[in-house]
**Student:** 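Let me give you the structure first, and then I'll get to my questions.
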Amino acid sequence: MEKKISKKTLNKSFRNWYYGHLTCFSQEHMQTFGYLCAMLPIIEELYKTKEEQKKAMQTYTAFFNTEPQVGSVVVGITASLEEAKANGADDINAETINGLRAGLMGPLAGIGDSLVVGTLIPILLGIAMGLSTGGSPIGAIFYIIVWNLLITWGMRFLYFKGYELGGKAIDFLVGERATAIRESIVMLGTIVIGAVAGTWINIRTGFTMTAEGADKPFLALQDTLNGVFPNILSAVFVIFCWYLLTKKNMSPIYVMLLLVVIAFVGVLVGFFDTGLTY
């Protein structure tokens, strides 16, 4: 009799990945234990003896790490392959499944980071910050609700689509097509990040120079800069942060601390204009 994973078990496997993909996370294992939790219901249903279950679970003890939201498709694919393996498919074994997992980690990490971290999150945060103008809590509520709805639906869709397609999904996720998709998403994410930076970052200088005895300053640096390149200080600081993060491999925490120091000194000496009145 052919073995078939039930819908109930697939739902349980998905929930285990959804809630537990970072289970016992460490630099040594990353998402390995989360993957084991997701595959446990599958293995328990397909194999009846403890020896068979133990042997099947050994397949998923290998290192695994990718973008967890988009990476749910890998769990779905391996559930389908494990089902075929349990039914005696000659061309599917533990080595094949682990090779597939290792091959998909990198491409999906690139696609997921560009799509989720580089595009979706900045768009949602941009909308949320706009709704939070004046201290309104609507922005935070919007982000929490929309983020959870989109991610839950997206992860579930990818998991079950991966199970449905099985090994056929590999042709779509690796190779030239995947590279083109990843590069397109990276470009879109870069545009979104640039738009968010241009909209929400506003650094101004209050530096002026006034001749002795004059009522008005003969130099207002911000007006001069605007005449050459509007918001050039904002662009300079964005590029400066990018340089520290990517070229100098500086931690984001250190970059933020450095910006605090620069802002404090700049306001103290009167170079930066906070726009505040007392």
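Basis for what follows: all heavy atoms, side chains included, without hydrogens, waters or symmetry-related copies.
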**Student:** Restricting to side-chain hydrogen bond (donor to acceptor under 3.5 Å, both in side chains), what partner residues turn up for N16, sequence neighbours left out?
**Tutor:**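 Once residues adjacent in sequence are excluded, N16 has no partner under the side-chain hydrogen bond (donor to acceptor under 3.5 Å, both in side chains) criterion.
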
**Student:** Relative to each other, are the rings of F157 and W153 parallel, tilted or perpendicular (30° and 60° limits)?
**Tutor:** parallel

**Student:** Nearest 0.5 Å, please: how far is CD1 in I77 from OH in Y159?
**Tutor:**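 Rounded to the nearest 0.5 Å, the OH-CD1 separation comes out at 11.5 Å.
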
**Student:** In sequence, state the C-alpha distance, the side-chain angles, and the governing distance for K55 and E52, and then conclude on salt bridge (charged side-chain N to carboxylate O under 4.0 Å, His left out).
**Tutor:** CA-CA 5 Å; K55 183 179 179 180; E52 289 178 318; over 6 Å; no

**Student:** Quick one: name the residues clustered hydrophobically with I144, using the 4.5 Å side-chain heavy-atom rule over I, L, V, M, F, W, Y, and just say none if it's on its own.
**Tutor:**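 When side chains under 4.5 Å apart are linked, I144 ends up in no cluster with other residues.
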
**Student:** Would you say that N65 contacts F63 through its side chain, given a criterion of any heavy-atom pair below 4.5 Å between the two side chains?
**Tutor:** yes

**Student:** If the condition is salt bridge (Lys or Arg N to Asp or Glu O under 4.0 Å), which residues does E164 pass it with, not counting sequence neighbours?
**Tutor:**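 By the salt bridge (Lys or Arg N to Asp or Glu O under 4.0 Å) rule, E164 matches K161.
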
**Student:** Look up atom CD1 in I232 and atom OG1 in T205, then write down how far apart they are to the nearest 0.5 Å.
**Tutor:** 12.0 Å

**Student:** Has the side chain of E45 got a donor or acceptor atom that lies under 3.5 Å from a matching backbone atom of S6?
**Tutor:**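 Checked: pair present.
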
**Student:** Is it true that a side-chain atom of W17 and a backbone atom of P68 form a donor plus acceptor pair closer than 3.5 Å?
**Tutor:**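 It does hold such a pair.
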
**Student:** Which residues pass the side-chain hydrogen bond (donor to acceptor under 3.5 Å, both in side chains) test with S72, sequence neighbours left out?
**Tutor:**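 Partners of S72 by the side-chain hydrogen bond (donor to acceptor under 3.5 Å, both in side chains) criterion come out as none, since no residue qualifies.
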
**Student:** Would you say L244 and N249 make side-chain contact, with heavy atoms under 4.5 Å?
**Tutor:**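 No, their side chains stay 4.5 Å or more apart.
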
**Student:** Under the side-chain hydrogen bond (donor to acceptor under 3.5 Å, both in side chains) test, which residues partner E67, sequence neighbours left out?
**Tutor:** none

**Student:** Does the side chain of V238 reach to within under 4.5 Å of the side chain of I201, using non-hydrogen atoms?
**Tutor:** yes

**Student:** Side chains of N11 and R156 only: does a donor on one sit below 3.5 Å from an acceptor on the other?
**Tutor:**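 There is such a pair between these side chains.
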
**Student:** Could you report the tightest heavy-atom contact between I43 and A56, atom names first, then the distance?
**Tutor:** CD1-CB, 3.7 Å

**Student:** Around atom CD1 of I253, are there more than 12 heavy atoms from other residues, nucleotides or ligands closer than 6.0 Å?
**Tutor:** no

**Student:** Which ILVMFWY residues can you reach from V260 by hopping between side chains whose heavy atoms are under 4.5 Å apart?
**Tutor:**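 Its cluster mates, by chain and number: none.
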
**Student:** Would you say the side chains of T66 and Q31 form a donor-acceptor pair under 3.5 Å?
**Tutor:** no

**Student:** Would you mind reporting whether V265 and F271 have side-chain heavy atoms less than 4.5 Å apart?
**Tutor:**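 With C-beta onward as the side chain, the pair stays apart.
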
**Student:** Is there a donor-acceptor pair closer than 3.5 Å between any side-chain N or O of S13 and the backbone N or O of T9?
**Tutor:** no

**Student:** Using residues 129-143 as the side-chain source, report each donor-acceptor pair under 3.5 Å to any protein atom, sequence neighbours left out, with the distance given to one decimal.
**Tutor:**
from	atom 1	to	atom 2	distance (Å)
S132	OG	A128	O	2.9
T133	OG1	G130	O	2.8
S136	OG	I138	N	3.2

**Student:** My understanding is that only residues two or more places apart in sequence, or in another chain, count here; which of them pass side chain to side chain contact (heavy atoms under 4.5 Å, CB included) with K54?
**Tutor:**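 Scan of K54 (side chain to side chain contact (heavy atoms under 4.5 Å, CB included), adjacent residues dropped) gives none.
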
**Student:** For D223, which residues count as a side-chain hydrogen bond (donor to acceptor under 3.5 Å, both in side chains) partner, sequence neighbours excluded?
**Tutor:** none

**Student:** For the residue pair S80 and E83, confirm or rule out a side-chain donor-acceptor distance under 3.5 Å.
**Tutor:** no

**Student:** With rounding to the nearest 0.5 angstrom, report the CE to CG distance, M250 to L258.
**Tutor:** 6.5 Å

**Student:** Before giving the answer on side chain to side chain contact (heavy atoms under 4.5 Å, CB included), spell out for L115 and L120 the whole-Å C-alpha distance, their side-chain angles and the decisive distance to 0.1 Å.
**Tutor:** CA-CA 6 Å; L115 182 61; L120 178 61; 5.8 Å; no

**Student:** Nearest 0.5 Å, please: how far is CD1 in I5 from CD in E82?
**Tutor:**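 Here the interatomic distance stands at 8.0 Å.
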
**Student:** Does the side chain of I42 reach to within under 4.5 Å of the side chain of M39, using non-hydrogen atoms?
**Tutor:**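 Contact flag for I42/M39 side chains = yes.
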
**Student:** Calculate, to the nearest 0.5 Å, the distance between atoms NZ and CG belonging to K8 and L10 respectively.
**Tutor:**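 CG of L10 is found 12.5 Å from NZ of K8.
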
**Student:** What pair of heavy atoms forms the shortest contact from G112 to V70, and how long is it?
**Tutor:**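 Minimum heavy-atom contact is CA-CG2, 3.6 Å.
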
**Student:** Report the residues that fulfil ring-ring contact (aromatic ring centres under 6.0 Å, His included) with Y19, sequence neighbours left out, ordered by chain and then residue number.
**Tutor:** none

**Student:** Looking at side-chain heavy atoms only, is the closest gap between Y243 and K248 below 4.5 Å?
**Tutor:**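 Yes, close enough: below the 4.5 Å cut-off.
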
**Student:** Could you check Y163, Y60, Y35 and say which one makes a side chain to side chain donor-acceptor pair (under 3.5 Å) with T78?
**Tutor:** Y35

**Student:** With sequence neighbours left out, what residues match T152 under side chain to side chain contact (heavy atoms under 4.5 Å, CB included)?
**Tutor:** Y18

**Student:** Are I151 and L149 connected in a single hydrophobic cluster, I mean Ile/Leu/Val/Met/Phe/Trp/Tyr linked by side-chain heavy atoms less than 4.5 Å apart?
**Tutor:** no

**Student:** Return the CD1 to CD1 distance between I203 and I262, rounded to the nearest 0.5 Å.
**Tutor:** 9.0 Å

**Student:** Under 4.5 Å between any side-chain heavy atoms of R204 and L233, yes or no?
**Tutor:**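 R204 vs L233: side chains apart.
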
**Student:** Sequence neighbours excluded, which residues qualify as ring-ring contact (aromatic ring centres under 6.0 Å, His included) partners of F33?
**Tutor:** H29

